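Taking it in order: structure first as structure tokens, then the write-up.
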Amino acid sequence: MTISELLQRSVELIASDSAVIDTELLLSHALGVNRTYLKTWPDRQPKSDQLNTFEQLFQRRIQGEPIAYILGNQGFWSLDLKVSEHTLIPRPETELLVETALELELQTHSSVLDLGTGTGAIALALASERSDWTITAADIQTQAVALAEENRAAHKLDNVQVVQSNWFNALPVTHYDLIVSNPPYIDRDDPHLTQGDLRFEPTSALVSGVGGLDDLILVIGQSISFLKSSGWLLVEHGYDQGAEVRALFADNGFAAVETRCDYSQLERITFGQLLR
Ligand code: GLN
């Protein structure tokens, strides 16, 4: 079977909006080539071991496994990051958090904390843009810490230190200029958890009690002990949590509290400045 025949047959079998791109990504991965190759050589016939590899990857996709887990990597900001089933797959919404953090008025040599770093996405994106910032990336999961460290080393971002900590528990008492976090924020009974990519992602990175606010309450409440006066806190949250999150910021003494919407016009990022 030729490359073009294979692509055509396979696209028809995947029930996904991204069937064409998914199939091209899986086939180019199995062949060890880039996607341009598939367009340039549509009449080539892959070898049988390549076909077997493709078939295995393709079956995983048919079962609904996210493409990022099958390929083992995901683009985020300007970085290619390794991902695994132990961490959330970095999402475009979270790039908005990075963008917002870069717009804050911060000193050249700021110290920054990323809580629940997962793949390291937020910390590493910030580090790639601000080489003079000193960034701590923390996660409770051993596998996430190892993965974030691997991503850090791959991109040679020496201004990031990856540490294991259950939120603030194992961190030294330091005062940061900026704390960022994309904590779990989904309601434990949210039906979306049984649909799409979420089925394959770790519950610990997604779910946060009834209403999904448990970890946001903890992060916002404890952050005030770890921020410099006039330090900033920036969090990602659920599309329907904006009002509650702004109230939590205000109750904890934050000023200039603001929420930004994501690309779907849903409230997604809230930030504020601690004034004391
Ligand atoms: N943004 C993700 C989703 O709704 C959830 C990420 C999270 O819980 N931090 O699919």
Side-chain angles (χ1 to χ4, degrees), residues 77 91-118 121-127 129-130 132-139 159-160 163 165-187 208-209 211-276:
W77 200 252
R91 290 171 166 60
E93 297 92 283
T94 308
E95 291 178 333
L96 177 69
L97 190 153
V98 172
E99 207 174 297
T100 309
L102 294 173
E103 286 169 16
L104 298 174
E105 277 186 32
L106 287 160
Q107 314 267 352
T108 312
H109 294 277
S110 286
S111 71
V112 178
L113 171 65
D114 174 16
L115 278 182
T117 197
I122 300 171
L124 300 177
L126 291 175
E129 297 289 336
R130 296 284 185 270
D132 291 326
W133 285 5
T134 305
I135 303 178
T136 302
D139 204 286
N159 51 332
V160 177
V163 301
S165 178
N166 179 8
W167 299 124
F168 293 97
N169 288 358
L171 298 176
V173 182
T174 321
H175 293 104
Y176 298 94
D177 296 284
L178 169 67
I179 298 176
V180 293
S181 186
N182 174 18
Y185 53 69
I186 300 180
D187 183 305
S208 188
L213 282 169
D214 288 5
D215 290 297
L216 281 160
I217 291 170
L218 185 150
V219 167
I220 298 167
Q222 294 190 8
S223 69
I224 61 176
S225 308
F226 289 84
L227 278 172
K228 291 182 186 164
S229 55
S230 69
W232 293 86
L233 172 66
L234 219 144
V235 297
E236 182 175 322
H237 52 76
Y239 69 94
D240 54 356
Q241 295 169 334
E244 284 160 302
V245 170
R246 285 190 294 279
L248 286 166
F249 269 68
D251 292 347
N252 284 284
F254 286 90
V257 178
E258 202 179 310
T259 297
R260 294 229 172 133
C261 290
D262 63 19
Y263 312 106
S264 312
Q265 299 314 315
L266 299 169
E267 291 195 328
R268 188 64 66 188
I269 309 288
T270 293
F271 59 101
Q273 187 172 28
L274 188 63
L275 289 182
R276 60 174 167 208

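Computation of the quantities below employed the complete heavy-atom set of this structure, encompassing side-chain atoms and omitting hydrogens, waters and symmetry-equivalent molecules. Each residue takes its place number in the sequence, starting with 1. Keep in mind that this is a model prediction, so the values were computed, not measured.
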- request: Taking Asp187 for its side chain and Gly212 for its backbone only, find out whether a donor-acceptor pair lies under 3.5 Å.
  value: no
query: What do the steps show when you test Glu267 against Arg246 for salt bridge (Lys or Arg N to Asp or Glu O under 4.0 Å), and what is the final call?
result: CA-CA 11 Å; Glu267 291 195 328; Arg246 285 190 294 279; 3.3 Å; yes
Ser165 backbone acceptor or donor facing Asn169 side chain under 3.5 Å: no
- prompt: Do any N or O atoms from the side chain of Asp114 and from the backbone of Ala123 form a donor-acceptor pair under 3.5 angstrom?
  reply: yes
field: Sidechain-backbone polar pair: His237 side chain, Asn182 backbone, donor-acceptor under 3.5 Å
entry: no
- prompt: Is a donor on one side and an acceptor on the other found under 3.5 Å between the side chain of Glu95 and the backbone of Trp77?
  reply: yes
- request: Spell out, as yes or no, whether a donor-acceptor pair under 3.5 Å connects the side chain of Ser264 to the backbone of Asp262.
  value: no
Over all atoms of both residues, closest heavy-atom pair of His175 and Lys228: O-CE, 3.2 Å
query: Who passes side-chain contact (heavy atoms from CB on, under 4.5 Å) against Leu213, sequence neighbours left out?
result: Leu216, Ile217, Gln241, Glu244, Val245
task: Quick one: list whatever passes side-chain contact (heavy atoms from CB on, under 4.5 Å) with Ser229, sequence neighbours left out.
output: Arg276
Listed partners of Phe168 passing ring-ring contact (aromatic ring centres under 6.0 Å, His included), at least two apart: Phe226
Only distances under 3.5 Å count here; give the side-chain donor-acceptor pairs of residues 98-109 to other protein atoms, sequence neighbours excluded, each with its distance to 0.1 Å.
residue, atom, partner, partner atom, Å
Thr100, OG1, Leu96, O, 2.6
Glu103, OE1, Arg260, NH1, 2.9
Glu103, OE1, Arg260, NH2, 3.2

task: Kindly write out the residues that satisfy side-chain contact (heavy atoms from CB on, under 4.5 Å) with Pro184, not counting sequence neighbours, or none if the list is empty.
output: Trp167, Ser208, Asp215
message: Is there a side-chain contact between Leu115 and Leu171 in this structure, where contact means two heavy atoms from C-beta onward sitting under 4.5 Å apart?
response: yes
- request: Applying ring-ring contact (aromatic ring centres under 6.0 Å, His included), name anything that partners Phe249, two or more places apart in sequence or on another chain.
  value: Phe254
task: Identify the two heavy atoms, one from Asp139 and one from Gly118, that lie closest to each other, and give their separation to 0.1 Å.
output: OD2-N, 2.8 Å
query: Which pair of heavy atoms, one from Tyr239 and one from Arg268, lies closest together, and at what distance?
result: N-NH1, 3.7 Å
Over all atoms of both residues, closest heavy-atom pair of Val219 and Ser181: CG1-CB, 4.3 Å
message: Strictly distance-based, threshold 3.5 Å: is any side-chain N or O of Gln273 a donor or acceptor partner for the main-chain N or O of Ala255?
response: no
